[in-house]
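Written out below as C-alpha cells is the structure these notes cover.
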Amino acid sequence: QVQLVESGGGLVQAGGSLRLSCAASVRTYGRYSMGWFRQAPGKEREFVTAISRMGGRTYYADSVKGRFTISRDNAKNTVYLQMNSLKVEDTAVYYCGSSPNDGWYSNPTDYPYWGQGTQVTVSS
C-alpha cells in the first residue's frame with residue numbers, strides 16, 4: 001500500500017510559478033513510477049507529466065511542455081512538479097499517482113495509488 005500526500009498548491013497570478021510536492025509513505029519508493037494529473041471542475045482527470053522509477057525518463061503533456069518540470073528525490077520519497085509561466089487554464093486540482101511498473105504512463109488507470117489532491121488556482 002502506498003500513501004501519497006500532495007502539497008504546495010495555492011493561488012497565483014498568471015505568469016507566476018508554483019512548486020508542488022508529493023510525499024510517499026512506502027519503503028520501496030524507488031520501485032514506483034510517478035505521475036501528476038489534474039482535474040478541473042466538470043472535466044475528466046487529465047495527464048500532466050510522469051517520471052520513471054529512477055528519474056531517467058520523463059514525459060509531458062503538450063499543454064505543459066517547456067513550462068512544467070517533474071523531478072524526484074528517492075532519498076526523500078518525494079516527487080516534485082515545478083510549474084512556471086502558469087496560465088489561467090492550468091487551474092485545477094492536481095493529483096499525484098504512483099505505479100509499480102517502470103516507465104511513464106499517461107492513463108490514470110495505470111496508477112493504483114493516488115493522493116488527495118492540491119488545488120492550484122491561477123488568476124488573470
Side-chain angles (χ1 to χ4, degrees):
Q1 189 74 10
V2 180
Q3 292 185 327
L4 303 172
V5 178
E6 302 97 334
S7 61
L11 174 63
V12 64
Q13 286 190 329
S17 298
L18 280 176
R19 188 194 195 203
L20 306 183
S21 300
C22 173
S25 60
V26 62
R27 289 186 179 180
T28 56
Y29 180 69
R31 295 183 184 176
Y32 291 84
S33 299
M34 301 297 296
W36 285 98
F37 289 72
R38 65 188 181 188
Q39 189 165 15
K43 295 188 177 181
E44 293 186 351
R45 190 167 296 191
E46 69 167 346
F47 172 75
V48 176
T49 180
I51 190 167
S52 58
R53 288 172 175 172
M54 301 308 294
R57 290 173 286 172
T58 58
Y59 181 57
Y60 296 90
D62 288 342
S63 58
V64 305
K65 273 182 186 175
R67 301 188 298 121
F68 290 12
T69 302
I70 189 172
S71 61
R72 65 188 296 166
D73 184 340
N74 286 356
K76 296 182 178 180
N77 282 18
T78 302
V79 63
Y80 304 97
L81 179 62
Q82 178 66 44
M83 305 186 294
N84 299 328
S85 302
L86 282 161
K87 304 176 181 180
V88 172
E89 51 264 42
D90 293 320
T91 296
V93 177
Y94 282 70
Y95 298 89
C96 69
S98 65
S99 169
N101 302 312
D102 197 16
W104 44 262
Y105 305 95
S106 60
N107 192 325
T109 60
D110 290 315
Y111 296 83
Y113 306 108
W114 293 93
Q116 83 290 347
T118 185
Q119 176 71 47
V120 171
T121 302
V122 184
S123 63
S124 59

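All of these numbers come straight from a predicted model, not from anything done at the bench.
For S17 and N84, the side-chain atoms include at least one donor-acceptor pair closer than 3.5 Å. For the residue pair T91 / E89, no side-chain donor-acceptor distance below 3.5 Å is found, with atom types taken as modelled.
Around the CD atom of Q3, the shell of radius 6.0 Å holds no more than 12 heavy atoms that belong to other residues, nucleotides or ligands.
Taken to the nearest 0.5 Å, the CG atom of N101 stands 12.5 Å off from the OG atom of S52. To the nearest 0.5 angstrom, Q13 atom CD is 13.0 Å from T121 atom OG1. The NZ atom of K65 sits 10.0 Å away from atom OG1 of T58, with the distance rounded to the nearest 0.5 Å. Atoms OH and OH, from Y105 and Y111 in turn, are 8.0 Å apart once rounded to the nearest 0.5 Å. Note: L20 CG to T118 OG1 = 6.0 Å, rounded to the nearest 0.5 Å. Rounding to the nearest 0.5 angstrom, the gap separating the CD atom in Q39 from the CD atom in Q119 is 11.0 Å.
No chain of hydrophobic side-chain contacts below 4.5 Å, direct or via other Ile, Leu, Val, Met, Phe, Trp or Tyr residues, connects Y80 to V12. The hydrophobic cluster containing Y60 also contains Y94, counting ILVMFWY residues as joined when their side-chain heavy atoms lie under 4.5 angstrom apart, directly or transitively.
Under the ring pair (Phe, Tyr, Trp, His ring centres under 6.0 Å) criterion, W104 pairs with Y59, sequence neighbours left out.
For P112 against S99, the heavy-atom pair with the smallest separation is CD-CA, 4.1 Å.
A distance-only check finds no donor-acceptor pair linking the side chain of Q116 to the backbone of V5 [under 3.5 Å]. At distances below 3.5 Å, not a single donor-acceptor pair connects side-chain atoms of R38 with backbone N or O atoms of V93. Put simply, the side chain of T78 never gets that close to the backbone of A23: no donor and acceptor are under 3.5 Å apart. Not a single donor-acceptor pair under 3.5 Å links the side chain of Y113 to the backbone N or O of C96.
For the pair P108/F37, a side-chain contact is recorded, criterion being any heavy-atom separation below 4.5 Å from C-beta on. Side-chain contact between L4 and S98 is present, with heavy atoms from C-beta onward closer than 4.5 Å. Between S123 and L11 there is a side-chain heavy-atom pair separated by less than 4.5 Å. Counting heavy atoms from C-beta on, the side chains of R19 and L81 never come closer than 4.5 Å. You'll find the side chain of Y29 reaches within 4.5 Å of the side chain of M34, heavy atoms only. Put simply, the side chain of V79 reaches to within 4.5 Å of the side chain of I70, judged on heavy atoms.
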- Item | D102/R31 under salt bridge (Lys or Arg N to Asp or Glu O under 4.0 Å): CA gap, chis, key distance, verdict | CA-CA 7 Å; D102 197 16; R31 295 183 184 176; over 6 Å; no
- Message: Is there a salt bridge (Lys or Arg N to Asp or Glu O under 4.0 Å) between K87 and D90? Walk through the geometry before answering.
- Response: CA-CA 5 Å; K87 304 176 181 180; D90 293 320; over 6 Å; no
- Message: Could you walk me through whether F47 and W36 satisfy the ring pair (Phe, Tyr, Trp, His ring centres under 6.0 Å) test, starting with their C-alpha distance in whole Å, then the side-chain angles of each, then the deciding distance to 0.1 Å, before giving a yes or no?
- Response: CA-CA 7 Å; F47 172 75; W36 285 98; over 10 Å; no
- Please lay out, stage by stage, how L86 and F68 fare under the test side-chain contact (heavy atoms from CB on, under 4.5 Å). CA-CA 9 Å; L86 282 161; F68 290 12; 3.8 Å; yes
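In this structure, R45 forms a cation-pi arrangement with Y95, its terminal cationic atom sitting closer than 6.0 Å to the ring centre and no more than 45° off the ring axis.
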